Protein chains: 2
Amino acid sequence: MPRPQNGGPIRGVRGSRPSGKVTIEHVAEKAGVSIATVSRVLNGIDKKVSGETIERVRSVIAEMGYRPTRVGRALRRLESHLVGMLIPDTTNAFYAAIAHSVESALRADSTAMILCNTAENPAVQDAYLEEMEGHLARGIALLGAVPSPGLERLVAAATPLVFINRKPPMAGGGPFVGIDNYAAGREIGQHFVERNYQRCAVIHGPSGSSASRERFEGFRDGLAAAGVRLDDRGVHEAALTMSAGYSAAVELLDRQPLPRAIFCGNDLIAYGVHRRCREVNLRVPADVALFGFDDNPLNEWLAPWLSTVHVPYDQFGPATQRVFQRLWDAKPGIRQHQELLPYRLVFRSSA
Amino acid sequence: MPRPQNGGPIRGVRGSRPSGKVTIEHVAEKAGVSIATVSRVLNGIDKKVSGETIERVRSVIAEMGYRPTRVGRALRRLESHLVGMLIPDTTNAFYAAIAHSVESALRADSTAMILCNTAENPAVQDAYLEEMEGHLARGIALLGAVPSPGLERLVAAATPLVFINRKPPMAGGGPFVGIDNYAAGREIGQHFVERNYQRCAVIHGPSGSSASRERFEGFRDGLAAAGVRLDDRGVHEAALTMSAGYSAAVELLDRQPLPRAIFCGNDLIAYGVHRRCREVNLRVPADVALFGFDDNPLNEWLAPWLSTVHVPYDQFGPATQRVFQRLWDAKPGIRQHQELLPYRLVFRSSA
DNA sequence: CTGAAAGCGCTTACAG
DNA sequence: CTGAAAGCGCTTACAG
């Protein structure tokens, strides 16, 4: 029998401690059982262990303050209890609220969520996807996915993926959790018609995003259904930020005739437009009506006057959890599933 | 020699794929070398491998699209490349900006950051600390730590911890990255004296937070140095949120005589106070002057009029990275180190 | 009900 | 310059 030559760790967080980390082996020794038995107690395979043994092992665990190392289990099972959550912009309070909802829902299922900020950048997205894969994540939630090679690869590999708010940017990407953006956009178009707004304009989000595209298309079709046409010069594309909204408004409000009403791809864009309106002394809604989207949690503080579409961010977490569960249970057809959440137009003073 | 009986994974993300994950063993086989050699190439131990072999292994890696599994390495080294970042409130844009800065700085060092939202809750903080420990994190950054048993334990275990913005809530907790809150508070006090504001009030943050406490104490001492005393009834404590600031203002502005100026523990509190001022028709700064803290990134959009203290959130990432590096290099004395960043009072119209 | 043993995917001291 | 082997901390099929 060859003697152990090496294999011990060289350094590390715990390497610096003289005592070292307490492992399952220490517990087993102290309790006078095998590590298999400790493991069974840990995993609640109680029917296979006598009550007395369970008691003894439990008390040793408590006494030693033993906590199993996640990494050991993950490697053995080739699956960790981690779920990666990719979000395009952590400073967007709407996204932060969704992330928080997902985190709570997963935690109740003893799954830990890791938050990753992709900044809408495919390379960063791929870096995080690979990261999560390397940690043997049991799933990945993509809020606002962008097309990328790494995402293609994961889709092909049938990794449990859930697309939130924005549909998968490729065919057969996976299940979707979100609202019917087209229908909501259409309702806004109808509302603009009812209000009899002449010269409507729109500042929509990135057309790479299904959510932005569908909001815009719904809006356009809502107008068209009443015979109102949208002038191409009144259609702008902007990033989903206040400053992008502001910049778009600088351009849009510099030309005559001014639009009578503007549909903004999200609330942040609307905030930016509103600032520009004040700068050039345009009253909202008397001179220009504004409609946003998302019902950003900041509205209450930043823009209690903004008419918008309330997207139920609190429901995203439970819905995402349900979809993951079906993915993990390998329910057939789940990869094509769409979990459509209710939305609701909120009419405040701006439109 | 016993035959292999088991050990194969039962299920998992990759278990569902017929092909399975490509491991270091597949690469070794295809390249006609041992897994040790592949590992050396992977880890850039180039001086120990011939150029020709490196080439061959590299091309096989590329061809097969092999990416090493993080978990394997982490378990072997008893250290992952993960750093946990605990933050008290993801929806606070100031915290989000710091988290983003830390993430960028660590990523440049090929360390991945995991964002965890503690909600200022000790139990949640402990759950995340344990989580990070289980993933063999190489370090943990705590933005706004609260006292908790788990934190005590990690401090005792000499885990690499960095305390950001708020000092460790126990003695010898670890290095600190932030500004001199006391000095900044004091300058605000002096400014109030110079402006000759009578009847100053303060709505400070949680007194469990060193940052909040020092801001308040500095402010009080700044007034006291000029012989101005702070009436106890003008001192309120509030959570660091808009709604808590609003509630405090409801109380504070309900009593006569009204305060002439209010120092708010952070900008969000100031936003809440400002809303209340509008509701009761108090002009800012004519009737009530307001001073905030942090220079929240939202100021530009939400409150371009707010006088505040600019805290250089962009510098927090690089500073945190430097401190971690010294912790990892086991530099002596680093656990007592304080990395003090520059701050600057920003005088806008509110005070 | 319990244990000995294999093995998850890596890294590295040792021996050539 | 390279490989065989040990081992990181777990889980679990198999044998009792």
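Just so you know, these numbers come straight off a predicted model, no measurement behind them. Every chain is numbered from 1, with letters handed out A, B, ... down the list of sequences.
Here H81(B) and H135(B) keep their ring centres 6.0 angstrom or further from each other.
Nearest nucleotide to the R76(B) side chain, out of dG9(C), dG3(C), dG9(D): dG9(C). For V33(A), taking side-chain heavy atoms from C-beta onward, the closest of the listed nucleotides dG3(C), dG9(C), dG3(D) is dG3(C). In this structure, of dT12(C), dG3(C), dT11(D), it is dT11(D) that holds the atom nearest to the side chain of I35(A). In this structure, of dG3(D), dC10(D), dT12(D), it is dT12(D) that holds the atom nearest to the side chain of A36(A). The side chain of L78(B) has dG9(D) as its nearest neighbour among dT11(D), dG3(C), dG9(D). In the set dT2(C), dA4(D), dG9(D), the nucleotide with an atom closest to the side chain of T53(A) is dT2(C). Distance from the side chain of L75(B) is smallest to dC8(D) among dT11(D), dC8(D), dT12(D). Relative to the side chain of R40(A), the nucleotides dT2(D), dT11(C), dC14(D) differ in distance, and dC14(D) lies closest.
Under the 4.0 Å criterion applied to side-chain N and carboxylate O atoms, R166(A) and E120(A) are assigned as salt-bridge partners.
In this structure, the CZ atom of R56(A) is 14 Å from the C1' atom of dG3(C), given to the nearest Å. Per the geometry, NE2 belonging to H135(B) stands 18 Å off C1' belonging to dC10(C), to the nearest Å. R70(A) places its CZ atom 18 Å from the C1' atom of dC8(C), with the value rounded to the nearest Å. Whole-Å rounding puts the L42(A) CG to dG9(D) C1' distance at 11 Å. Whole-Å rounding puts the R67(A) CZ to dG9(D) C1' distance at 15 Å. The separation between E25(B) atom CD and dA4(D) atom P is 11 Å, rounded to whole Å. Taking atom NE2 of residue H81(B) and atom P of nucleotide dC10(C), one finds them 13 Å apart after rounding to whole Å. L136(B) places its CG atom 20 Å from the P atom of dC8(C), with the value rounded to the nearest Å.
Taking the C1' atoms as reference points, dG16(C) lies 16 Å from dT12(C), given to the whole Å.
Pair check for dA4(C) finds none; no Watson-Crick or G-U wobble contact set falls under 3.5 Å.
In this model, the phosphate group of dT12(C) is approached by a side-chain N or O of R77(B) to a distance below 4.0 Å at OP1 or OP2. Within the structure, every side-chain polar atom (N or O) of T69(B) is placed at least 4.0 Å from both OP1 and OP2 of dG9(C). A close approach under 4.0 Å does occur between a side-chain nitrogen or oxygen of S50(B) and OP1 or OP2 of dT2(D). Listed pair T37(B) / dG3(D) meets the phosphate criterion, a side-chain N or O lying under 4.0 Å from OP1 or OP2.
When each of E131(B), E133(B), E130(B) is paired with R70(A), the salt bridge (charged side-chain N to carboxylate O under 4.0 Å, His left out) condition holds for E131(B) and for no other.
A donor-acceptor contact shorter than 3.5 Å links the side chain of N117(A) to the backbone of A119(A).
Summarising the geometry of L161(A) relative to F163(A), their closest heavy-atom pair is CB-CE1, 4.0 Å, with the distance given to 0.1 Å.
Sparse packing is recorded around CD of E29(A), with 12 or fewer heavy atoms of other residues, nucleotides or ligands lying under 6.0 Å away.
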